[in-house]
Amino acid sequence: MQELRDLARRLLRENQVNVILGYECARRGVRPAFITEAADCDRLVFDHRCVHNLAAYLSPRRTHVRALGRPAVVIKACDARAVAGLIRESQIEREETVLIGVRCGGVVLDPADSSPLSSGNIAPRCSACDQREPALFDHLVGEPKGAPAGEASRDARLSEIEAMNPEERLGLWIGLLGRCTRCHACRQICPMCFCERCIADKTQPAWIETSPHSRGNFAWHLTRALHLAGRCVDCGECERACPARIPLGLLSRKAARSVASRYGYVVTDDPAIPTPIGSFQFDDGQEFIA
Amino acid sequence: MSRIGVFICHCGENIGRTVDCVRVAHNLENVPGVVHSIDYKYMCSDPGQALIKQAIRELQLDGVVVGACSPHMHEKTFRKAAAAAGLNPYLCEMANLREHCSWIHEDRERATDKAIGLARFMVEKIKYNRPLATIRIPVERRALVIGGGIAGIQAALDIADGGREVILVEKEPSIGGHMSQLSETFPTLDCSQCILTPRMVEVAQHPNIQLLAYSEVESVEGYIGNFQVKIRRKARSVDEIKCNGCGECQKNCPNQKIPGEFDRGLGMRTAIYVPFPQAVPNIPVIDRAKCAFYRGKAKGVKKAVCGKCAEVCGPKAIDFDQQDSFVTEEVGAIVVATGYQLYSIGKAQESETLRGYGEYGYGAIPDVIDGLQFERLASASGPTGGKILRPSDGKEPKTIVFLQCIGSRDRAKGIEYCSKICCMYVAKHAILYHHKVDHGRAIVFYLDIRAGGKGYDEFVRRAIEESHALYLRGRVSRLFRNGDTICVHGVDTLSGEPVAIDADMVVLATAMRAQPDIASLAQKLSISYDRHGFLNEAHPKLRPVETNTAGVYLAGACQSPRDIPDSVAMASAAAAKVLGLFSNELLEREPLIARVDQLACTGCFHCERVCPYGAIERKQLKDGKGRVIKIVAEVNQGVCQGCGTCQATCPSKSVELEGFTDEQVYAAVNAL
Amino acid sequence: MNIRRMIGKTDLDVLIRDLISAGKRVIAPVRCGDSQHEALEYAPVRSPAEIHWAGPLPLRSLKEIIFPPTETLFGWKQVKSSVEIEANPNGFRETVIIGARPCDAAAFEIVDRVMGWDYRDDLWFGRRQATTILTVACPHGDESCFCPAVGLSPESARGADWFLTPADGGFEAAILTQKGEALLEPYKAQWPEPNNFSKQQLSGLESKVRANLKVQPESIRQWLEKHFDDPLWKHVALRCHGCGACAFVCPACHCFDIVDEPEGIDRGRRRRNWDACQPALFTLHGSGHNPRKDQAARFRQRIMHKFNYYPARFGEVLCTGCGRCVRVCAAGMDLIAILAEIGRRSEEAGAAS
Amino acid sequence: MASSFEPNIVAFVCNWCTYTGADLAGTSRISMAPNVRIIRLPCTGRIDTLFILKALERGADGIIVSGCHPADCHYTAGNYHARRRFAIFRDLMEFVGIDPHRVTFSWVSASEGGKWAEVVDRTTERVRRLGPFRTYPRLARGAGE
């Protein structure tokens with residue numbers, strides 16, 4: 001922790017950056033912090049409650065954060081994938097952002113949960129995560145961490161749904177997506193949903209019905225999952241933000257499974273590797289094409 | 001509210017027989033936005049077109065839907081008619097009621113319903129059509145020709161004679177290509193070099209042609225009328241300006257025993273060499289892999305191991321330190337004439353799909369040669385001075401077996417196409433052999449004889465009847481050395497008898513293949529190629545010398561196996577296309593291209609990555625004070641070909657393809 | 001009206017079954033489907049056994065029962081150049097809400113004011129009329145609750161037709177409205193009046209949640225009125241992602257968007273959908289100009305509307321202190337902390353003047 | 001009942017291969033089911049998955065997406081990009097329970113008029129067996145009504 005604070009202080013003092021995007025303690029657990037004064041750096045924390053993906057704040061669409069100036073951002077291995085995505089897709093310049101990588105042994109699902117990390121409260125993505133630190137960083141801080149608790153079989157539900165018959169699946173999703181009220185929290189918090197004007201907000205024509213009925217919700221969530229195929233960094237923020245507690249990660253992980261099995265593509269924090277949609281191989285599988 | 005006119009064509013009985021055109025017109029009349037809906041016997045006829053023009057003028061139509069044949073047939077016709085009546089041509093669309101309806105259905109009721117549906121799609125779509133203006137872009141009226149074989153030479157001369165500048169790029173030290181290696185040409189038996197060399201010299205001397213031999217295209221940017229081509233000028237180690245072509249360097253080069261490429265390994269050349277005496281330009285090049293100076297340097301020997309050529313060079317043209325250099329040329333059109341290579345029967349193949357010929361010894365038998373080697377033997381300027389002599393012992397072969405379709409039409413070896421020229425040149429070889437070797441026996445194994453062309457079949461008959469070549473229909477199963485001779489085992493499939501021949505020499509008519517590095521050139525030019533590597537024309541019948549990248553044209557065997565007359569014809573056709581393009585200062589293009597909504601664009605550049613043409617550019621969007629707000633995509637109007645892949649890929653649909661915008665497609669789908 | 005009844009658990013079950021078999025829609029807190037979490041939601045029930053009386057506040061408020069996330073205003077069909085309107089054929093289904101939390105029930109009365117103000121919203125009041133609300137004394141509070149700070153309490157009966165207080169394994173019911181009385185009517189004679197001494201003392205929930213936030217709504221309003229351009233807004237809004245989750249779970253937020261949704265070329269529906277003031281799109285003009293240009297301006301609007309403009313016009317804040325916005329915010333935006341800060345500043349300002 | 005059902009099928013096809021192939025089918029008078037109506041796009045690269053969703057919303061019982069064979073694309077690579085897009089979209093569609101048998105993807109070249117007729121007939125027959133696809137357009141019913 002002290003290492004992180006000292007580094008942040010130095011970066012601010014030496015004018016290398018204007019703002020540190022990190023975490024701080026508040027009334028209800030940990031929350032994102034925006035530190036602009038070296039004197040405030042002691043507020044910075046990093047522990048297993050730091051579930052938020054701060055890369056979302058780097059998007060050019062966050063004009064209020066951008067206005068603070070050149071940022072340094074605290075990133076876990078999973079967050080680094082989002083930073084790589086933003087670089088890959090020309091949203092930020094690598095040189096314009098200082099990346100403070102943190103070693104991470106897993107985080108809880110609820111940042112207000114101060115109980116120790118256990119298989120009961122761990123964020124599901126962490127159980128299956130084998131990356132203790134990012135490969136993309138300028139500075140790396142923190143003690144080496146052990147592998148987090150919990151079972152690595154988080155995609156069991158995915159396989160379960162795949163094994164259902166089509167009617168069961170449709171019924172399941174009508175039930176789940178029927179709960180969506182289109183608050184778009186999933187999109188707003190997503191580090192990779194950075195469009196200036198989302199397709200769901202486009203009205204001429206309105207490909208995606210804005211009404212929160214299942215028909216509009218299917219179009220929205222299917223399209224979002226497609227747009228995130230090979231881009232979703234699996235940070236779980238959409239699911240955490242969803243006030244209707246819809247397991248949205250199932251859709252993006254299905255897309256991830258699809259690009260992995262079809263094109264051998266896995267999202268990494270290497271910005272130089274292109275996304276699978278937008279590239280192709282002459283001999284890509286086409287078993288579904290007559 | 002729109003003012004749309006619907007015009008349903010009976011096409012005589014073609015549509016009217018199966019589609020109730022009157023019902024279609026009546027039905028469409030009730031569609032909101034339609035103010036006029038009629039049917040007529042022949043819409044494309046003059047009176048039919050007059051009906052459309054009259055309605056546009058009198059009813060102030062702002063959209064015209066013609067329900068008739070395929071738009072591929074008459075879209076231009078009706079758009080022109082609309083334009084003549086003062087309506088923007090892009091406000092006219094066609095519904096395909098003939099090819100897609102009346103001709104493929106029998107049930108009149110259902111065909112009529114479908115016709116209504118198809119017309120309805122277009123009525124709804126056209127409500128969102130926008131008037132579009134033809135795009136005009138300036139044309140740089142200079143051409144680049146890639147490849148200095150006969151096709152490239154012809155194209156360059158034709159364009160240059162048409163008064164336009166040409167840059168001719170040839171990767172070898174000399175132009176001339178394969179044709180310069182041939183002895184005589186079928187079916188007239190004129191001497192290849194005699195007809196070619198004057199043209200080569202003409203190229204060298206033409207004031208409008210800039211010849212860049214020993215050079216390759218490094219990169220191509222831009223678009224029709226405005227290409228920027230970067231050309232690598234490979235280091236010759238000889239100063240082209242100083243060199244006077246005296247040949248002293250070659251005479252004095254100590255390394256005289258290098259199998260020469262021009263003679264297909266049958267003759268020798270030096271380390272500093274001109275490929276053949278009539279080379280254009282007549283400037284030698286040092287083969288650095290073979291030259292003692294460079295080999296010594298590579299081994300780290302400090303003192304120059306050799307420098308003979310430099311010593312004897314009067315004008316001091318030898319430049320051992322020469323490096324590759326680059327020039328960038330602005331051109332408006334590019335003709336690709338990169339030619340072909342021959343199938344190698346050896347074990348090693350550069351493609352997994354190809355197989356060598358183990359049954360013919362994988363090329364290890366010295367007196368088994370390919371057709372081009374035979375040309376060199378038969379050529380007066382060749383290694384044997386035009387005498388047919390065996391490579392192994394220099395004896396005159398008394399029996400030569402010619403095998404056709406080596407590689408060609410042989411799926412097992414990876415090539416199923418016909419190489420087209422082999423039947424003819426084998427006949428030529430048989431005739432030449434007959435002329436040169438008295439009592440020589442030519443035996444030809446063939447599968448079919450393909451001799452379509454002026455004087456071609458007569459030529460083959462001449463080989464058989466006058467030169468007494470024995471034509472056996474069948475394949476040779478095996479070749480092997482038997483002492484001094486080569487045992488040829490095959491089957492005469494007409495008699496059904498097995499055949500065994502002791503031959504003194506075997507000549508293989510190996511397949512014509514695409515150039516080995518064609519894929520990389522095709523990528524630089526954004527043109528497509530088939531799975532054999534032959535470049536694709538825009539349309540196999542109607543646009544045979546154009547490619548799908550505007551401004552890039554094809555000539556010769558890079559497109560498919562071709563003989564000299566075909567290559568020359570194609571080259572002249574490509575030149576005509578280029579000159580046509582250059583006849584105007586401004587180029588007109590169909591405006592059906594993509595357009596970016598820069599307010600909505602986020603600059604993720606997925607579009608840039610999927611664009612097959614590199615038409616997406618990055619543009620800084622600035623506020624009133626000149627500060628960069630964001631970097632957005634912009635479509636280069638000259639480069640975009642209108643495929644729309646950008647739009648389907650754009651997550652926020654901030655790029656629209658004119659003519660097929662989201663609103664147009666949405667409206668059509670809405671009419672389901 | 002001061003009718004009181006003791007209702008045994010089985011009696012209440014009978015009432016619920018009767019309502020269901022009479023074809024009425026019965027809404028009550030139930031366990032969320034397909035959730036890994038212990039979470040409740042208000043949903044239609046088919047049997048009294050599904051109802052969860054205890055446990056945390058349901059995820060979404062009761063708002064959606066009266067004001068659905070999407071509803072059809074009318075259908076249209078175009079015939080040549082004229083348009084036929086097909087009014088929403090659905091009437092308002094008789095609904096009984098059982099186990100409403102006080103902060104949810106109270107919101108209806110607060111929102112009634114704007115819905116019946118310059119224009120009377122028939123859809124809102126139609127459903128209000130068709131709905132009977134049985135509020136239960138709040139069984140659960142946490143660090144995000146602050147109903148006492150906005151003048152309510154875990155035992156507030158505002159907006160209720162019945163108010164139920166747990167007692168002797170059942171409930172003591174206070175019947176508060178005519179609608180409530182009509183619901184009671186068939187059982188009025190069978191169910192006994194309560195013994196005044198049987199009512200359980202509620203746990204110290206009120207004092208617990210009162211400690212979460214101690215501010216006076218009027219003092220907040222006074223500060224807000226004078227601090228439209230305060231630097232505080234830029235500061236507090238930094239972490240806001242601009243999603244609408246807070247508004248969508250809020251029992252009092254009531255903004256909506258009206259869209260025409262085609263269902264073919266010549267027909268479609270006009271729908272009214274929930275909307276929220278936090279996404280940039282909310283105030284984006286067709287020209288591309290956005291008067292609320294950044295998240296600070298949008299977040300300020302949320303606070304101003306609830307704690308300044310609404311009380312200025314209607315005399316009370318547009319908030320029932322349910323704390324859902326605090327719980328749901330994935331970015332850690334904390335209305336309690338923000339109101340406490342504004343309260344502190346207001347007091348300082350008051351002390352200074 | 002099922003046999004009397006005539007499915008409503010929309011085809012999104014590229015201009016250069018499949019549309020021309022369908023023209024050839026017409027020129028060759030190859031008879032086929034009248035259930036399929038074509039919407040012409042320049043390239044499969046332009047065919048958006050949103051078209052498919054919207055068509056289902058508007059009551060299409062089946063959908064055909066067809067373009068140039070690999071290596072045959074008029075625009076050199078549009079079909080390769082489309083192939084990936086459709087592959088992933090199809091997986092997602094299947095995952096949420098939309099029967100992928102309602103959507104046919106095919107490559108039909110300008111010379112394959114016969115193949116086009118086959119694609120049309122096979123799709124029509126398959127969708128006829130699956131029955132009308134009312135579930136999808138009706139997903140909007142009941143919401144807030």
Side-chain angles (χ1 to χ4, degrees), chain A residues 158 161-162 164-174 176-178 199 205-209 211-223 225-227 229-230 250-259 261-263 265 276-290, chain D residues 44-45 48-54 56-58 64-67 69-71 77-108 115-116 118-119 122-123 126 130 135-145:
Chain A
L158 197 60
I161 297 172
E162 283 176 342
M164 292 177 175
N165 66 41
E167 292 76 37
E168 286 173 333
R169 276 199 296 268
L170 187 61
L172 172 81
W173 284 105
I174 290 174
L176 289 173
L177 297 180
I199 178 67
W207 285 116
I208 297 179
E209 291 174 316
S211 302
H213 45 57
S214 291
R215 197 174 66 195
N217 295 347
F218 264 64
W220 161 238
H221 288 291
L222 274 175
T223 302
L226 181 74
H227 288 180
L250 283 173
L251 286 173
S252 40
R253 289 211 306 286
K254 172 64 195 178
R257 184 176 269 196
S258 180
V259 294
S261 67
R262 286 180 179 278
Y263 312 119
Y265 184 89
I277 290 194
S279 8
F280 64 85
Q281 297 287 326
F282 293 114
D283 56 353
D284 279 341
Q286 51 173 30
E287 81 295 340
F288 63 96
I289 301 178
Chain D
T44 39
D48 204 310
T49 54
L50 293 164
F51 302 174
I52 299 176
L53 285 171
K54 190 55 69 185
L56 291 177
E57 287 178 10
R58 290 294 175 267
I64 297 173
V65 173
S66 184
H69 287 272
N79 54 354
Y80 291 121
H81 289 294
R83 185 168 61 184
R84 281 204 167 186
R85 198 185 312 133
F86 294 140
I88 298 165
F89 182 70
R90 191 176 178 279
D91 287 350
L92 284 168
M93 225 169 51
E94 189 170 13
F95 187 64
V96 298
I98 300 171
D99 193 340
H101 291 106
R102 293 195 179 271
V103 188
T104 302
F105 297 96
S106 66
W107 303 136
V108 173
K115 183 177 176 188
W116 173 248
E118 265 174 47
V119 167
R122 261 191 295 120
T123 306
R126 196 174 55 225
L130 288 171
T135 324
Y136 200 82
R138 284 184 183 167
L139 283 176
R141 298 280 168 85
E145 281 163 16

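Every chain is numbered from 1, with letters handed out A, B, ... down the list of sequences.
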When the 4.5 angstrom heavy-atom criterion is applied to D:T135 and chain A, the contacting part is side chain
Is any side-chain heavy atom of D:V96 less than 4.5 Å from a side-chain heavy atom of A:H221? no
Gap between atom CD1 of A:I161 and atom CZ of D:F95 - 0.5 Å precision: 4.0 Å
Just verifying a value: how many Å separate A:D284 CG and D:Y80 OH, rounded to the nearest 0.5 Å? 9.5 Å
Below 4.5 Å from any heavy atom of chain D, which atoms of A:D283 appear? Answer side chain, backbone, both or neither. backbone
Side-chain donor or acceptor of D:K54 paired with backbone N/O of A:W207 under 3.5 Å: yes
Which bit of D:L53 is near chain A, if near means a heavy-atom gap under 4.5 Å: side chain, backbone, both or neither? side chain
Quick check on A:A225 against chain D: is it the side chain, the backbone, both or neither that has a heavy atom closer than 4.5 Å? both
Below 4.5 Å from any heavy atom of chain D, which atoms of A:I199 appear? Answer side chain, backbone, both or neither. side chain
Taking every heavy-atom pair that is under 4.5 Å apart, which of A:A229, A:A219, A:G230 has the most such pairs with chain D? A:A219
Counting only heavy atoms closer than 4.5 Å, note whether D:E94 contacts chain A via side chain, backbone, both or neither. both
By a 4.5 Å heavy-atom criterion (distance strictly below it), what part of A:S279 contacts chain D: side chain, backbone, both, or neither? both
Distance, nearest 0.5 Å, that separates CG of A:L222 from CE of D:M93: 8.5 Å
Output for pair (D:R83 CZ, A:F280 CZ), nearest 0.5 Å, gives 8.5 Å
Looking at D:R85, D:E57, D:R84, which has the largest count of heavy-atom pairs under 4.5 Å with chain A? D:R84
Evaluate side-chain contact (heavy atoms from CB on, under 4.5 Å) for A:Y263 paired with D:I88, printing each intermediate quantity in order. CA-CA 10 Å; A:Y263 312 119; D:I88 298 165; 4.0 Å; yes
Could you tell me which non-hydrogen atom of A:K254 sits nearest to which non-hydrogen atom of D:L92, and how far apart they are? CG-CD2, 4.0 Å
Would a 4.5 Å heavy-atom cut-off, applied to side chains only, mark A:F288 and D:V103 as touching? no
Side chain, backbone, both or neither of A:I174 within contact of chain D (heavy atoms, under 4.5 Å): side chain
Given that the side chain runs from C-beta out, which part of A:A206 has a heavy atom under 4.5 Å from chain D: side chain, backbone, both or neither? backbone
Which atoms of A:P205 are under 4.5 Å from chain D, going by heavy atoms: the side chain, the backbone, both sets, or neither? neither
Comparing A:R169, A:Q286, A:R215 against chain D, the one with the most heavy-atom pairs below 4.5 Å turns out to be A:R215
Within-4.5 Å side-chain heavy-atom neighbours: D:V65 and A:I289: no
Heavy atoms of A:S258 and D:A87 approach each other most closely as OG-O, 4.5 Å
At a heavy-atom separation under 4.5 Å, does D:D99 approach chain A through its side chain, its backbone, both, or neither? neither
Checking A:Q281 against chain D: side chain, backbone, both or neither under 4.5 Å from a heavy atom? both
For the CG atom of A:L170 and the CG atom of D:L139, what is their distance to the nearest 0.5 Å? 6.5 Å
